Student: 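Sharing a structure below in structure tokens format, with a few things to ask.
Note that the coordinates shown come from a computational prediction; the quantities given were computed from them, not determined experimentally. Just so you know, these numbers use all the heavy atoms, side chains as well, and skip hydrogens, waters and symmetry mates.
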Amino acid sequence: MDPLLHFPHHDGSPLYRRPEHAPLGDTVQVRVRTSNHLLPDAVWLRTVEDAEPFFAACTVERTEGDTTWWVGSVRLHNPVQRYRFLVAFGDTFVWLNQAGVFDRDVTDAHDFTVSCHEAAPDWGRDAVVYQIFPDRFARSAAADDRPIPDWAVPAQWDDAPIHSGPHTPLQFYGGDLDGITEHLDHVVALGVTTIYLTPVFPGESNHRYNASTFETVDPLLGGDDAYRRLIDAAHERGLHVLGDLTSNHTGDTHEWFQRAVADEGSEERGYYYFAADGSHEGWKGYDTLPKLDHTAPGLSERFGAVVARWLEFGIDGWRIDVANMTGRHVDVDVAHQVAREIRATATDVRPNALVLAEHGHDATGDLDGDGWHGTMNYYGFSFPVWEWLRDPRRPVPSFGLPVDVPRRDGTAMVAAMRDFTASFGWDAVGASWNILGSHDSPRIRTTTGSADLHHVAAVLQFTLPGVPMVFAGDELGFEGVDGEDSRRTMPWDDVAAFSTRTAGVYAALARLRAEHVALRRGGLRWVHVGADEVAYLREHPDGTVLVTATRTGTTEPELPGIVKGERLIQVGDSGRSPRASIWKVS
């Protein structure tokens, strides 16, 4: 039996914690699974109340087969209550926290947490998200009648993206919102439940992250009327729609900034960081993206009105751009206040609104439960998967690093996932997005160099805790060496492109995720971690699923403590090719 199967285990899923949430002052029941092959003498629950640790003995709930279950109670003394377990063996003990099992002392940073704050809405946690970059997805016939703006460098639909040089943000294909509406059937056929559009506000670029206003939809996309048609058509198909909002900055043509420049006595002047010489702070030094000062009087109300307006218009939530930098500048840090305000405003308008943060780095401390529901999980998912499955035969550009993506083994992948997600908390991990690529990164097909490894990556994306977010085109095996190159146009006239094996894999994985609650809400127990192969269980009271994956085609690990039932899917051929399988567990 693999030694990991002997280790004590707990996580925040329904099998191990009941209920998932409780109000301040209430208690939740927590359970620990231990193996009778390594049966402890005692299990103690350690909670931290007002920064002071307290211990309470857990009791044996029952023994079934090789497993003994221990149970304790956690009182929510603080809004975010921390706890972990001391598992005693004779004259020694180990700590069990969200990062794993340790035979040394550990900090409180990776303790389990249970929150009195509401989790992300059910639709957000159960979603399959599909990211659309509007300029590159589809053109309606109406796009031909719109004048090309002065700032744009026109491109034909089949042209390759310019991914370096000054024309990169200016290359204009003319995709629009009605074009998206016309192709929603493709999105539904993939099993997608939520579409996330990068910004739709006017801006003098193809990406529109340099908004000139938050009050209207870009006429180049069809304006407010086209947005209404898209939202209505999506809702009719049971899809949710997420907007994209830049809370950290505006464009330098934005009406707020234009007034700030024109009138030093205006309220808007205080919205930005101006120096005595009239210069201003920009995102990462870009003057065209002036940074917002969220300590400015009036900005919270003004920005909150934007958040509310478009939720009232009909969208179901927001993805917040550069959330990690929002409200932070030199000696100012009001990031958590801004997150709480945006979420409170959103849920006042729509109680089940989702507010998801872009955080391309380490989101530790930013996901405590009353602000962002979750994050785009690059460091807790994307980077570890890229490093494990990257093509060793060629350099693979990284996202945000000055060096290529390294190639690491499965042990390093799992260790990185555990470290980062342990600092988020179980609820935030479940709401965060598992990303294999986005409009900012290389494509997964380019990173892995093969369809088989791409499909293994997709299995991990759809079966590990979190929400799969698919960048449009990944289901067709799109290539792209960096974020700009990845923004290729969808080949709607190429019928064969949409009947590929890759598209079928994505649809099958989405279907399995919908059919098996364990893949959406189940716990995570790693049962084998090797250099080239990994295996894990997603456990839920309504069923358990086993996932096995190998990057080299090595023999699947023997797991004698687990009884495999029906194989639900296999990607990759048996033999020496990379492959992954999903199994029911009997």
Student: May I ask you to decide if Gly174's main-chain N or O and Asp135's side chain share a donor-acceptor pair within less than 3.5 Å?
Tutor: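 Confirmed, Asp135 side chain pairs with Gly174 backbone.
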Student: Glu255 and Glu215: which non-hydrogen atoms are nearest, and at how many Å?
Tutor: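 For Glu255 versus Glu215, the nearest heavy atoms are OE2-CG, 3.6 Å.
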Student: Compare every heavy atom of Asn377 with every heavy atom of Ser432, then report the nearest pair and how far apart it is.
Tutor: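 That would be CB-CB, 4.2 Å.
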Student: Would you find a donor on one side and an acceptor on the other, under 3.5 Å apart, between the side chain of His280 and the backbone of Asp287?
Tutor: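 Looks like yes, one N/O pair under 3.5 Å.
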Student: Search all heavy atoms of Phe399 against all heavy atoms of Asp440 and return the closest pair with its distance.
Tutor: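 In terms of heavy atoms, the two residues are closest at CD1-O, 3.2 Å.
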Student: Does the Glu475 side chain pair with the main chain of Gly473, one donor and one acceptor, at a distance under 3.5 Å?
Tutor: yes
Student: Checking the side chain of Asp26 only, and the main-chain atoms of Ala22 only, is there a donor and an acceptor separated by less than 3.5 Å?
Tutor: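 Pair absent, no side-chain N/O of Asp26 close to backbone of Ala22.
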Student: May I have all residue pairs that pass salt bridge (Lys or Arg N to Asp or Glu O under 4.0 Å) and include part of residues 158-173, sequence neighbours excluded?
Tutor: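 Every pair satisfying salt bridge (Lys or Arg N to Asp or Glu O under 4.0 Å) with a residue in residues 158-173: there are none.
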Student: In terms of side-chain heavy atoms, does Asp316 have a donor or acceptor partner in His235 at a distance below 3.5 Å?
Tutor: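 Note: Asp316 and His235 side chains meet the donor-acceptor criterion.
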Student: Donor-acceptor pair, Arg237 side chain versus Val188 backbone, under 3.5 Å?
Tutor: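 Answer holds: no.
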Student: Is it true that a side-chain atom of Arg443 and a backbone atom of Phe471 form a donor plus acceptor pair closer than 3.5 Å?
Tutor: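 Between the backbone of Phe471 and the side chain of Arg443 there is a qualifying donor-acceptor contact (under 3.5 Å).
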Student: Only one of His249, Glu281, Lys284 forms a side-chain contact (heavy atoms from CB on, under 4.5 Å) with Leu289, so which one is it?
Tutor: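 With Leu289 as partner, His249, Glu281, Lys284 yield a single side-chain contact (heavy atoms from CB on, under 4.5 Å), made by His249.
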Student: Cationic tip of Arg82 within the cone over Phe112's six-membered ring, i.e. under 6.0 Å and within 45° of the normal?
Tutor: no
Student: Is there a ring-ring contact (aromatic ring centres under 6.0 Å, His included) between Phe274 and Phe257? Walk through the geometry before answering.
Tutor: CA-CA 11 Å; Phe274 281 96; Phe257 187 74; 5.7 Å; yes
Student: Verify the ring-centre separation between His361 and Tyr378: is it less than 6.0 angstrom?
Tutor: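 So the answer is no for these two rings.
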Student: Return yes if a side-chain donor-acceptor contact under 3.5 Å exists between Tyr379 and Asp419, otherwise no.
Tutor: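 Judged by distance alone, the side chains do not pair up.
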Student: Between the side chains of His110 and Asn97, is a donor N or O closer than 3.5 angstrom to an acceptor N or O?
Tutor: no
Student: Under 3.5 Å, side chain of Ser279 to main-chain N/O of Ala275, donor-acceptor pair present?
Tutor: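 The answer is no, because no donor-acceptor pair under 3.5 Å joins these two groups.
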Student: What closest approach, in Å, do Leu460 and Phe381 show between heavy atoms, and which atom pair accounts for it?
Tutor: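 Closest approach of Leu460 to Phe381: O-CE1, 3.8 Å.
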Student: Out of curiosity, Arg445 CZ to Asp474 CG, how far, rounded to the nearest 0.5 Å?
Tutor: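 Rounded to the nearest 0.5 Å, the CZ-CG separation comes to 9.0 Å.
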Student: Determine whether the side chains of Glu484 and Thr168 contain a donor N or O and an acceptor N or O closer than 3.5 Å.
Tutor: no
Student: Going by an N to O cut-off under 4.0 Å, is there a salt bridge joining Arg340 and Asp368?
Tutor: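 Judged by the 4.0 Å cut-off on N to carboxylate O distance, Arg340 and Asp368 do not form a salt bridge.
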Student: Pairing donors with acceptors under 3.5 angstrom, does anything connect the side chains of His439 and Gln131?
Tutor: yes
Student: Is it the case that the side chain of Thr421 and the backbone of Val429 share a donor-acceptor pair, with hydrogens and angles ignored and the cut-off at 3.5 Å?
Tutor: no
Student: Can you tell me if Ser212 uses its side chain to pair, donor with acceptor, with the backbone of His254 under 3.5 Å?
Tutor: no
Student: Applying side-chain hydrogen bond (donor to acceptor under 3.5 Å, both in side chains), run through Asn324 and His359 and close with a yes or a no.
Tutor: CA-CA 5 Å; Asn324 56 303; His359 204 310; 4.7 Å; no
Student: In Å and rounded to the nearest 0.5 Å, what is the CG to CD1 distance from Leu221 to Ile180?
Tutor: 7.5 Å
Student: Any donor-acceptor pair under 3.5 Å linking the side chain of Trp310 with the backbone of Gly243?
Tutor: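 Between the backbone of Gly243 and the side chain of Trp310 there is no qualifying donor-acceptor contact (under 3.5 Å).
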Student: Partners of Tyr196 by ring pair (Phe, Tyr, Trp, His ring centres under 6.0 Å), sequence neighbours excluded?
Tutor: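 Listed in chain order: Trp433.
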